[in-house]
Protein chains: 2
Amino acid sequence: MEKARSPFKTALQKQEEREEKRMALLHAAAVMFNAQGFHATSLDDVAASLGISKPTIYHYLGNKEQVLFECLTIGLDQLFAAADKARAEIGTGMDRLRIFLTNYFFINIDDFGRCVILSGDDTLSPEGVKNLRAMKRRVDTALRALIIEGIDDGSITAVDPKITAFTLAGAMAWPARWYSKTGPTPPDAMAAQIVDSLMTGLAPR
Amino acid sequence: MEKARSPFKTALQKQEEREEKRMALLHAAAVMFNAQGFHATSLDDVAASLGISKPTIYHYLGNKEQVLFECLTIGLDQLFAAADKARAEIGTGMDRLRIFLTNYFFINIDDFGRCVILSGDDTLSPEGVKNLRAMKRRVDTALRALIIEGIDDGSITAVDPKITAFTLAGAMAWPARWYSKTGPTPPDAMAAQIVDSLMTGLAPR
DNA sequence: ATTGCAATCTACTAATGAGTAATATATAAT
DNA sequence: ATTATATATTACTCATTAGTAGATTGCAAT
């Protein structure tokens, strides 16, 4: 027999509710940071957009910089997870690079990923910048590794991995600035077009 | 016989002095906007960096948004001039595209060009955004024209001009975020590497 | 001389927004 | 019952900063 639905919450449920609220706050903040920029967004506005008051944000997340830092961490974690997953895939280096870049695109046009691209390093404290840089470096390293593996197995033409990683990252980051999911070209199609175009450039000849 | 150097200035000299001061103000503002972001930079700070007071900025430039708008206009004018010049050059479409992109790089790592890339559209009033968009579109149009000319004369492989223009723009914009002129790789070398890498991708096969 | 204009300052205002203190309520634990 | 903890609020403080008013100085033209 099922337990009757009870209004009395278990510890686990409360934990989950808290986490859900935390995420809702972060998401609301990310959206507003992306739309208006970090400094132009007040925590009062973020709170108001969820129908709550500012101190509640402090209760769940701490100060404004921490809010941003959490958003960036989520975005970067997504990128890193995508890199890990792509690297574990079977296929040539180019195959796996294509998979990674496609997901890179999806993450970059998502709220937390956009945050990573749109926030300048300048917004954080020196401490925060250091942590952020380290996370970004991990993603860059993974990207380079994929390129190198492709060169080694002959699926990618001989290029400079470092420069190539930068140009690819730049090309993938740019859409965060202008692409709208609700525009004429749906995300899948846009990702395919951009990634195809880049892959053509990297194909052996 | 030469005129004696006189401390009494002609109208022209005064005009020039004014213009020089105006530019010095814009440059100082651009540098600080790039380093800390628009909203995190106060006009008091900009003024202080030149040893003057805030009202002087208002005397020369008007309000804060106008200061930014001027900076952006200068950067975009530089880009457009580079495009014009490249298009007037002789050589294949690819040759001219290479010339344009190389200069695009130099402009983008310069103070006013950086401003264009680092400032989100969000910072300006709706009016300003409209003007800015129009200027950006002109540059994008020129870039696409070069790509199309290259495809037509066979110096560039058949690609989608729109998508290619976006990926190129993204790849060229990215260095504004991380490249430092005083780092290990000098601007010329960095430009050459990046542009070469992109051109390889566009070469016919 | 006087009037006007350009450049610059000091000293304000008015608004905004980060962060906190004190408080209220509800639930959970003892 | 009582005490502690989590959630959320109102109502502040304090610092920052865009923008302005008004004064000052000096040069230039009449």
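Residue numbering restarts at 1 for every chain, and letters A, B, ... go by the order of the sequence lines.
- For the salt bridge (charged side-chain N to carboxylate O under 4.0 Å, His left out) with B:Asp140, the qualifying choice from B:Arg144, B:Lys136, B:Arg137 is B:Arg144, the only one to do so.
- The local environment of CZ in B:Arg18 is crowded, with over 12 non-hydrogen atoms from other residues, nucleotides or ligands closer than 6.0 Å.
- Sparse packing is recorded around NZ of B:Lys85, with 12 or fewer heavy atoms of other residues, nucleotides or ligands lying under 6.0 Å away.
- Near DNA chain C, meaning a heavy atom under 4.0 Å from it, residues 38-64 of chain A has A:Thr41, A:Ser42, A:Leu43, A:Lys54, A:Pro55, A:Tyr58, A:Asn63, A:Lys64 in order of number.
- Taking the six-membered ring for Trp and the full ring otherwise, the centers of B:Phe166 and A:Tyr179 sit at least 6.0 Å from each other.
- Atom-to-atom, NZ of A:Lys21 to P of D:dA6 comes out at 13 Å; the value is rounded to the nearest Å.
- For the pair B:Arg18 and C:dA6, the criterion of a side-chain N or O lying under 4.0 Å from OP1 or OP2 is not met.
- The side chain to side chain contact (heavy atoms under 4.5 Å, CB included) with A:Val67 is formed by just one residue from the set A:Thr41, A:Val46, A:Ile57; it is A:Ile57.
- Results of the side chain to side chain contact (heavy atoms under 4.5 Å, CB included) test with B:Ser197 over A:Leu202, A:Ile163, A:Val159, A:Asp160 single out A:Ile163 as the only residue that passes.
- In this structure, A:Leu146 and A:Leu101 have side chains that are not in contact, with every pair of non-hydrogen atoms separated by 4.5 Å or more.
- Residues from residues 28-35 of chain B placing a heavy atom under 4.0 Å of any atom in DNA chain D do not occur.
- For the pair B:Leu25 CG and C:dA7 P, the computed distance is 12 Å after rounding to whole Å.
- Side-chain contact check for A:His27 versus A:Phe112: some heavy-atom pair is nearer than 4.5 Å.
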